[in-house]
Amino acid sequence: MNNGEEEWHDWWVRHESLFEEARLEWGTLHEELYNLELFADTLLTADTLEAVRACERAAILISGSDETPYEADSRKRPHCTADEATHASALEAAERKVRSLLSEVAPGVWRLSIFTPRFCRLLLEELQHYETSGIPLRRPNGMNRFGAILDQLGLEASLSYLCRRILRPLGSEALEALVRDVACAGEARGVAQLSMPSHPPPLGGMLFPELIGRGDADYTYGFVVKYRMGEDVALAEHADASVLTLNVNLGMPGFTGGELVFKGTRFLDDQPRQMPAHTVGFAQMTPGDGILHLGGQYHAALPLTAGERVNFVLWMFGKHGVVRVAPYEETERLDAMQRWGAYAEEEMQHQLRST
């Protein structure tokens, strides 16, 4: 076997428990990677984490402690209180902060700073530690031959936390419906400072609310890909098996080339592979910076011209690997309270099941 290049599915399934026993016996190098929730303050960027926490706090205050965000949304309230209006305003401000941390580097492709340089260094060291064990590494996917599947290293819990708390709400962000509801209720109650602006709020329809609703991005498949001269240097045009993809530069210094080229999105654009190409490079990105895009957006990796490029990739999708392709109607899309309150709701339900 050469880095899992002989992709015999049955062989991997048959020996899965043996490899897991070997991994546990070999041990880990950096335990904090395996508990991202506990070590979030040192592994995730401070600005992103604080903006997410602010959104969560505001969403929980709006929903109230006696019901979940989804129950609060489904309950038709004829009015809102001044406190509720204040919390909604705080949520709007918090989401505006999230929006300020994102920049659109190509149509539908959003750059953000997600991991600290420490996370990148620890993950690269952890991969090297695992590779020296001699335990076979399965290739990341059917197109990349070199790298590692992160579940095989035991990182499932950290990947799930990253998806549910940070990436899923970013992917589904759309504030306009909530602001409109609270503004109308505030007007009816005489609450000041809540008139609806003449144009959509800056966060209205942000990122991909048309494809990411409840349950559409709850599951993950994470891997690391390596591009190096003499091995994989490029990747043909394709779409991912995900509804949402995160692709992060892990910071190997000195590489050139290897840019991604993006086109249109399957099922959303007419003739997506014929649309104009837009190039996004990683060489100038800070370690831990990455991009978010719809998995269905066609893209390719241009040839690496020098050095080695190593990236963290996370695919997100629904239960049983389902990838949503049918857009939601505007009235079906999640509002901010549902989106940012979902993680707290899931944790509460988990605690109840554990008691």
Nearest heavy-atom pair of L314 and M316: which atoms, and what distance?
O-CE, 3.7 Å
Is there a side-chain contact between F312 and L246 (heavy atoms, below 4.5 Å)?
yes
Which atom pair, heavy atoms only, marks the closest approach of I60 to A344?
CD1-CB, 3.7 Å
Please report the closest heavy-atom contact between P140 and F146, naming both atoms and the distance.
CG-O, 3.9 Å
Going through the checks in order, is the side chain to side chain contact (heavy atoms under 4.5 Å, CB included) test met by F255 and V310?
CA-CA 10 Å; F255 72 87; V310 184; over 6 Å; no
Smallest heavy-atom separation, A301 atom then A234 atom, equals O-CB, 3.4 Å
Around E16, counting heavy atoms of other residues, nucleotides and ligands shown, do more than 12 lie under 6.0 Å from its CD?
no
Hey, do the aromatic rings of F19 and W11 have their centres closer than 6.0 Å?
yes
Quick one: which of D289, L162, T286, N249 gives a side chain to side chain contact (heavy atoms under 4.5 Å, CB included) with F115?
L162
Are R23 and E20 ion-paired here, with the side-chain N under 4.0 Å from a carboxylate O?
yes
Do E32 and T42 have side-chain heavy atoms sitting under 4.5 Å apart?
yes
For F262, which of H278, H238, H293 qualifies under ring-ring contact (aromatic ring centres under 6.0 Å, His included)?
H293
Would you mind checking if R214 and E332 are paired as a salt bridge, meaning a charged N to carboxylate O distance below 4.0 Å?
no
Qualifying residue, where the test is salt bridge (charged side-chain N to carboxylate O under 4.0 Å, His left out) with D218 and the options are R164, R168, K319:
R168
Does Y343 belong to the same Ile/Leu/Val/Met/Phe/Trp/Tyr cluster as L101, with side-chain heavy atoms less than 4.5 Å apart forming each link?
no
Please report the shortest heavy-atom distance between Y130 and Q152, naming the atom on each side.
OH-NE2, 3.6 Å
Are the side chain of D232 and the backbone of N144 linked by a donor-acceptor contact shorter than 3.5 Å?
no
Can you give me the closest heavy-atom contact between C163 and T220, atom names plus distance?
CB-CG2, 3.4 Å
Indicate yes or no: at least one non-hydrogen side-chain atom of R138 is less than 4.5 angstrom from one of F223.
no
May I ask whether Y227 and V261 are part of the same hydrophobic cluster, defined by side-chain heavy atoms of I, L, V, M, F, W, Y residues being less than 4.5 angstrom apart, directly or through others?
no
Assigning hydrophobic clusters by single linkage (Ile, Leu, Val, Met, Phe, Trp, Tyr; side-chain heavy-atom cutoff under 4.5 Å), is L260 placed with Y298?
no
NZ/NE/NH1/NH2 to OD/OE distance under 4.0 Å, R96 and E92
yes
Can you find a pair of side-chain heavy atoms, one from F119 and one from V248, that are under 4.5 Å apart?
no
Consider side chain to side chain contact (heavy atoms under 4.5 Å, CB included). Of L170, I291, L102, V105, which one does W110 pass it with?
L102
Taking side chain as C-beta onward, heavy atoms only, is E95 less than 4.5 Å from W340?
yes
What I want to find out is whether R165 reaches E56 closely enough, with some N-O distance under 4.0 Å, to be called a salt bridge.
yes
Under a 4.5 Å cut-off applied to non-hydrogen side-chain atoms, are P272 and T265 in contact?
no
Do L153 and L33 touch side chain to side chain, with heavy atoms closer than 4.5 Å?
no
Quick check: do I212 and L207 have side-chain heavy atoms less than 4.5 Å from each other?
no
